[in-house]
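Some notes on the structure that comes next.
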Amino acid sequence: QVLLVESGGGLVQAGGSLRLACAASGRSIGTYGMAWFRQAPGKERELVAALGGYGSMTYNADSFKGRFTMTRDNAKNTVYLQMNSLKPDDTAVYYCAGDQRGGLRIGADQYNCWGQGTQVTVSS
């Protein structure tokens, strides 16, 4: 069983940057499909970015292209989400998710491992 723990959230001013980290333990996630989702109050959980197993494929939701970048460091068993040019609308809880089947998956229901989430708040 993989345990995912997010970190790096916090309060930032509009236009600022944050880097979220999702550290995995219990098993190597190098072959896992991984993703970042977010959920704002009163809204559905939405996909931000995804990486296929081995990092061979990437997906960025249109809303985040050019601002958010997801990367993987297999040596650290960690995935990251670099967020630049943050906007107040980016305020949400950000979740890391993983799926041992690998592949590039964009539906939340396709992931079977989830972290507890980290709060990102962007002030105007």
Side-chain angles (χ1 to χ4, degrees):
Q1 185 75 12
V2 171
L3 177 66
L4 302 176
V5 179
E6 301 97 334
S7 62
L11 174 64
V12 64
Q13 288 188 329
S17 298
L18 283 174
R19 188 176 80 152
L20 306 183
C22 171
S25 60
R27 184 175 292 187
S28 171
I29 58 169
T31 59
Y32 277 50
M34 300 295 297
W36 285 96
F37 289 81
R38 74 180 191 183
Q39 187 165 19
K43 295 186 178 181
E44 293 186 355
R45 190 167 296 192
E46 64 175 333
L47 176 69
V48 175
L51 284 176
Y54 302 101
S56 60
M57 297 173 287
T58 62
Y59 174 86
N60 271 62
D62 288 343
S63 304
F64 313 109
K65 287 181 179 177
R67 297 196 301 128
F68 292 6
T69 303
M70 182 177 182
T71 57
R72 179 198 297 264
D73 186 336
N74 289 336
K76 295 183 178 179
N77 216 27
T78 301
V79 294
Y80 301 94
L81 182 68
Q82 177 67 43
M83 305 187 295
N84 299 324
S85 302
L86 284 161
K87 308 172 183 178
D89 286 349
D90 293 320
T91 295
V93 177
Y94 285 71
Y95 297 91
C96 173
D99 181 75
Q100 65 184 31
R101 296 170 294 176
L104 187 66
R105 306 180 188 278
I106 62 174
D109 59 353
Q110 296 175 302
Y111 290 89
N112 54 20
C113 300
W114 289 86
Q116 82 289 349
T118 185
Q119 176 71 47
V120 171
T121 303
V122 184
S123 63
S124 57

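Quick note: numbers below take in every heavy atom, side chains included, and nothing from hydrogens, waters or symmetry partners.
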| remark: Going by chain and number, the hydrophobic cluster around Leu3 (ILVMFWY, side chain to side chain under 4.5 Å) further includes Val5
| field | Inter-residue atom distance Leu4.CG - Cys113.SG, 0.5 Å rounding | value | 6.0 Å
| note | Between Ala14 and Pro88 the two heavy atoms that sit nearest each other are CB-CD, 4.0 Å
| field | CD1-OG1 distance between Ile29 and Thr78, expressed to the nearest 0.5 angstrom | value | 6.5 Å
| Where is the tightest heavy-atom contact between Gln82 and Asn84, given as atom of each residue plus distance? | NE2-OD1, 2.9 Å
| query | Distance from Gln39 atom CD to Glu44 atom CD, nearest 0.5 Å? | reply | 8.5 Å
| request: With rounding to the nearest 0.5 Å, note down the distance linking OG1 in Thr91 to CD in Gln119. | output: 7.0 Å
| field | Close side-chain approach of Met70 and Phe64, heavy atoms under 4.5 Å | value | no
| said: List the residues meeting side-chain contact (heavy atoms from CB on, under 4.5 Å) with Val120, not counting sequence neighbours, and say none if there are none. | reply: Leu18, Leu20, Met83, Tyr94, Val122
| message | Looking at every non-hydrogen atom in both residues, tell me the closest pair between Cys22 and Trp36 and how far apart they are. | response | CB-CZ2, 3.6 Å
| query | Hey, what's the ring geometry for Tyr95 with Trp114, parallel, tilted or perpendicular (30° and 60° as the breaks)? | reply | perpendicular
| field | Exercise: identify the closest heavy-atom pair between Val2 and Ala24 | value | CG1-CB, 4.0 Å
| message | With rounding to the nearest 0.5 angstrom, report the OG1 to CD distance, Thr121 to Gln13. | response | 13.0 Å
| How far does CZ of Arg105 sit from CG of Asn112, to the nearest 0.5 angstrom? | 9.0 Å
| Would Arg101 and Asp99 pass as an ion pair if we require N to O under 4.0 Å? | yes
| Do Phe68 and Asp90 come close enough that some side-chain heavy atom pair is under 4.5 Å? | yes
| query | Is a side-chain donor or acceptor of Glu6 paired with a backbone partner of Cys96 at a separation under 3.5 angstrom? | reply | yes
| task | Provide the full list of salt bridge (Lys or Arg N to Asp or Glu O under 4.0 Å) pairs with a residue in residues 8-27, sequence neighbours left out, each pair given once. | result | none
| query | What residues form a side-chain contact (heavy atoms from CB on, under 4.5 Å) with Ala50, not counting sequence neighbours? | reply | Ala35, Leu47, Tyr59, Leu104, Tyr111
| Where Tyr32 and Gly98 come nearest, the two heavy atoms and their spacing | CD2-C, 4.3 Å
| task | Could you tell me which residues satisfy side-chain contact (heavy atoms from CB on, under 4.5 Å) with Thr71, sequence neighbours excluded, listed by chain and number? | result | Thr69, Tyr80
| query | For Lys65, which residues count as a salt bridge (Lys or Arg N to Asp or Glu O under 4.0 Å) partner, sequence neighbours excluded? | reply | Asp62
| request: Side-chain contact test, heavy atoms from C-beta onward, threshold under 4.5 Å: evaluate it for Asn77 versus Ser28 and give yes or no. | output: yes
